[in-house]
Engineer: 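I am attaching a structure below and will ask some questions about it afterwards.
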Amino acid sequence: QLQLVESGGGLVQPGGSLRLSCAASGFTLDDYAIGWFRQAPGKEREGVSCISSSGGISNYEDSVKGRFTISRDNAKNTVYLQMNSLKPEDTAVYYCAAAYYCSYYTPYGVEYWGQGTQVTVSS
């Protein structure tokens, strides 16, 4: 199977932190830009962050700048999204995606999708 396997979601209080992981299964991530989308109930899916294949370029949607950090470890075939100072408006299903390149903070030309992981920020 060729897929991205996500983990790390859960329930956290406002101000808390989570780290999402996205690991490739059946292929390697070396040639792909990797990004994260999120979709809240009743809302359209939106790009959150994207990192180039080399890790040299990282971009973020404005509302998460300074709070989220995207990184990759090609040796482990894994990409991470560290989320700090979480807010209720961050609540969504988060999807990672392997893509051709980053259009700013949005992956473009997605080849593989993660299954999604729920992040809930609530008191």
Side-chain angles (χ1 to χ4, degrees):
Q1 291 181 315
L2 303 179
Q3 61 181 347
L4 297 172
V5 180
E6 300 182 38
S7 62
L11 174 64
V12 65
Q13 294 187 32
S17 298
L18 288 171
R19 189 178 76 161
L20 306 184
S21 297
C22 176
S25 178
F27 69 102
T28 60
L29 296 178
D30 293 12
D31 294 331
Y32 294 92
I34 305 294
W36 294 87
F37 294 91
R38 66 184 180 186
Q39 187 168 24
K43 295 185 178 181
E44 295 293 321
R45 183 175 59 204
E46 64 177 359
V48 176
S49 183
C50 193
I51 187 168
S52 63
S53 60
S54 68
I57 300 173
S58 300
N59 297 311
Y60 302 90
E61 190 271 329
D62 286 346
S63 70
V64 308
K65 286 181 179 178
R67 300 188 298 119
F68 290 12
T69 303
I70 190 170
S71 63
R72 66 188 300 156
D73 187 341
N74 285 342
K76 296 181 178 179
N77 219 22
T78 301
V79 173
Y80 306 96
L81 185 67
Q82 179 67 46
M83 304 184 294
N84 298 326
S85 302
L86 283 162
K87 304 175 180 180
E89 51 263 44
D90 296 318
T91 296
V93 177
Y94 284 70
Y95 301 89
C96 65
Y100 185 69
Y101 69 92
C102 296
S103 178
Y104 197 41
Y105 55 80
T106 304
Y108 182 83
V110 175
E111 182 70 16
Y112 303 104
W113 287 93
Q115 83 279 8
T117 185
Q118 177 71 49
V119 172
T120 302
V121 185
S122 176
S123 299

Engineer: Do you know the tightest heavy-atom contact between Gln39 and Lys43?
Structural biologist: NE2-O, 3.2 Å
Engineer: Taking the cut-offs as 6.0 angstrom to the six-membered ring centre and 45 degrees off its axis, would you call Arg38 and Tyr94 a cation-pi pair?
Structural biologist: no
Engineer: Run the numbers on Phe68 and Trp36 for ring pair (Phe, Tyr, Trp, His ring centres under 6.0 Å), then give the verdict.
Structural biologist: CA-CA 11 Å; Phe68 290 12; Trp36 294 87; 9.8 Å; no
Engineer: Can you find a pair of side-chain heavy atoms, one from Ser53 and one from Asp31, that are under 4.5 Å apart?
Structural biologist: no
Engineer: For the ring pair Phe37 and Tyr95, is the centre-to-centre distance below 6.0 Å?
Structural biologist: no
Engineer: Can you confirm whether Leu81 sits close enough to Arg19 that some side-chain heavy atom of one is under 4.5 Å from a side-chain heavy atom of the other?
Structural biologist: no
Engineer: Measure the CD-OG1 distance between Glu6 and Thr78 for me, rounded to the nearest 0.5 Å.
Structural biologist: 12.0 Å
Engineer: To the nearest 0.5 Å, tell me how far Leu29 CG sits from Cys22 SG.
Structural biologist: 6.5 Å
Engineer: Looking only at heavy atoms, which two atoms of Ala97 and Val110 are closest? And how far apart?
Structural biologist: CB-CG1, 3.8 Å
Engineer: Using every non-hydrogen atom in the two residues, find where Ser58 and Gly55 come nearest and quote the distance to one decimal.
Structural biologist: OG-O, 4.4 Å
Engineer: Do Gln118 and Thr120 have side chains that get closer than 4.5 Å, going by heavy atoms?
Structural biologist: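 The answer is yes, as the side chains (C-beta and beyond) meet within the 4.5 Å cut-off.
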Engineer: Tell me, do Val48 and Val64 make a side-chain contact under 4.5 Å, heavy atoms counted?
Structural biologist: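 Yes, at least one pair of side-chain atoms sits under 4.5 Å.
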Engineer: Check Ile70 against Ser49 and note the closest heavy-atom contact, atom names and distance.
Structural biologist: CG2-OG, 3.3 Å
Engineer: First locate atom CG of Leu18, then atom CG of Asn84, and finally report the distance between them rounded to the nearest 0.5 Å.
Structural biologist: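 Going from CG on Leu18 over to CG on Asn84, the span is 9.5 Å.
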Engineer: Would you compute the distance between atom OG1 of Thr69 and atom OH of Tyr80 and round it to the nearest 0.5 angstrom?
Structural biologist: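 It is 14.0 Å, given to the nearest 0.5 Å.
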Engineer: Hey, are the side chains of Cys102 and Pro107 touching, using non-hydrogen atoms and a 4.5 Å cut-off?
Structural biologist: no
Engineer: For the CG atom of Leu2 and the OG atom of Ser25, what is their distance to the nearest 0.5 Å?
Structural biologist: 8.0 Å
Engineer: Give the C-alpha distance, both sets of side-chain angles, the deciding distance and a yes or no for side chain to side chain contact (heavy atoms under 4.5 Å, CB included) between Ser85 and Arg67.
Structural biologist: CA-CA 6 Å; Ser85 302; Arg67 300 188 298 119; 4.0 Å; yes
Engineer: Hey, are the side chains of Ser17 and Gln82 touching, using non-hydrogen atoms and a 4.5 Å cut-off?
Structural biologist: yes
Engineer: Please check if the number of heavy atoms outside Tyr108 that lie under 6.0 Å from its OH is greater than 12.
Structural biologist: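 For Tyr108, atom OH is not crowded (no more than 12 foreign heavy atoms under 6.0 Å).
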Engineer: When you compare the side chain of Val119 with that of Met83, does any pair of heavy atoms fall below 4.5 Å?
Structural biologist: yes
Engineer: Verify the neighbour count for atom CG of Leu11: are there more than 12 heavy atoms of other residues, nucleotides or ligands below 6.0 Å?
Structural biologist: yes
Engineer: Between Lys87 and Val121, is there a side-chain heavy-atom distance shorter than 4.5 Å?
Structural biologist: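 With C-beta onward as the side chain, the pair stays apart.
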Engineer: Just do the ring pair (Phe, Tyr, Trp, His ring centres under 6.0 Å) check on Tyr60 and Tyr105 with the steps written out, would you?
Structural biologist: CA-CA 5 Å; Tyr60 302 90; Tyr105 55 80; 9.3 Å; no
Engineer: Evaluate the ring planes of Tyr112 and Tyr32, with Trp represented by its six-membered ring, and classify them as parallel (under 30°), tilted (30 to 60°) or perpendicular (over 60°).
Structural biologist: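 Perpendicular.
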Engineer: Atom CG in Asn77, atom CG in Asp30: separation rounded to 0.5 Å?
Structural biologist: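 Between atom CG of Asn77 and atom CG of Asp30 there are 7.0 Å.
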